[in-house]
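Report on one structure; see the data block that follows.
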Amino acid sequence: MRNRHLTVHSWLPVLVMMLLFAGCDHTTVFHHYENISQDGWGRSDTLRFEIPPISTDGNYLATLELRTNSTYPYTNLSIIVESDLQPHSQHFSDTLRCSLTDQRGNITGKGISQYQYRFPLATRHLTQGQALTFSVYHNMRRETLPGIIDIGLHIQKTDGR
């Protein structure tokens, strides 16, 4: 009985490691947040995300992530996302109209005092060695937006590994 007990304990670290590796998302190639000043997100406060050269050809989905708190005064948010693809010097520009509430005014983000949202951008075919730069800024009438905590960018490969 004692040998069986030792065997279970000796396999436990291996089992934990296997579960951790099985839970890893090998399709994510970039995931980063930029904090917004507590004074608010100014219209001229452009956030930049530098994505290193891609290691494998494939289709990649970019998703903008947003965290807010209860001091954000609007039900939506308009964001401009510009991306530059190198070495071919391709430029793309997208305007996101982010709805943060439902038709009744209820917050649709996940969370209790801070709310998280995800807004898919475009899927692009990238080849090995291409790098991306994303620039993100708001397009609201108000010069400085309170209640935006941080903005993130998530890039993942969508067609296998």
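Residues satisfying the salt bridge (charged side-chain N to carboxylate O under 4.0 Å, His left out) test with E82, not counting sequence neighbours, are none. In terms of the ring pair (Phe, Tyr, Trp, His ring centres under 6.0 Å) criterion, F49 has no residue partners (sequence neighbours excluded). Partners of D45 by salt bridge (charged side-chain N to carboxylate O under 4.0 Å, His left out), not counting sequence neighbours: none found. Under the ring pair (Phe, Tyr, Trp, His ring centres under 6.0 Å) criterion, H31 pairs with Y33, H154, sequence neighbours left out.
The two residues G58 and K157 have their closest heavy-atom pair at CA-CE, 3.8 Å. The shortest heavy-atom contact between S99 and T101 is OG-O, 3.0 Å. Closest approach of P146 to T71, counting heavy atoms only: CG-O, 4.0 Å. The two atoms that bring A131 and I51 nearest to each other are CB-O, 3.5 Å, heavy atoms only.
With hydrogens and angles ignored, the 3.5 Å screen pairs no side-chain donor or acceptor of R124 with any backbone N or O of L126. Judged by distance alone, with hydrogens and angles left aside, the side-chain atoms of T108 form a donor-acceptor pair with the main-chain N or O of L100 at under 3.5 Å. Here the side chain of T28 pairs no donor or acceptor atom with the backbone of F30 at under 3.5 angstrom. Remark: the backbone N or O of N59 is paired with a side-chain donor or acceptor of D159 at under 3.5 angstrom.
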**Message:** Before you tell me yes or no, could you show the steps for L121 and L96 under side-chain contact (heavy atoms from CB on, under 4.5 Å), namely the whole-Å CA-CA distance, both residues' side-chain angles and the distance that decides it to 0.1 Å?
**Reply:** CA-CA 8 Å; L121 297 166; L96 285 179; 3.5 Å; yes
**Message:** side-chain contact (heavy atoms from CB on, under 4.5 Å) for D94 and I80? Distances and angles first, verdict last.
**Reply:** CA-CA 6 Å; D94 296 304; I80 307 292; over 6 Å; no
**Item:** Test side-chain contact (heavy atoms from CB on, under 4.5 Å) applied to T95 and I79, step by step
**Value:** CA-CA 6 Å; T95 301; I79 297 177; over 6 Å; no
**Message:** Applying side-chain contact (heavy atoms from CB on, under 4.5 Å) to Q114 and I149, what does each step give before you reach the verdict?
**Reply:** CA-CA 8 Å; Q114 295 182 357; I149 299 168; 3.5 Å; yes
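Among residues at least two apart or in separate chains, ring-ring contact (aromatic ring centres under 6.0 Å, His included) pairs with a member in residues 69-102 are Y72-Y74. Under the ring-ring contact (aromatic ring centres under 6.0 Å, His included) criterion, the residue pairs touching residues 124-145 are W41-H138, with sequence neighbours excluded.
For E50, the CD atom is densely surrounded, since the number of other residues' heavy atoms within 6.0 Å is greater than 12.
Within the 4.5 Å cutoff, side-chain heavy atoms of Y117 are placed close to those of T68.
If you check the side chains of T56 and Q128, you find no donor sitting under 3.5 Å from an acceptor.
Taken together through direct or relayed side-chain contacts under 4.5 Å among Ile, Leu, Val, Met, Phe, Trp and Tyr, V81 and F119 form part of one hydrophobic cluster.
Salt-bridge formation is not detected for the pair E65/R67: no Lys NZ or Arg NE/NH1/NH2 atom is positioned less than 4.0 Å from an Asp or Glu carboxylate oxygen.
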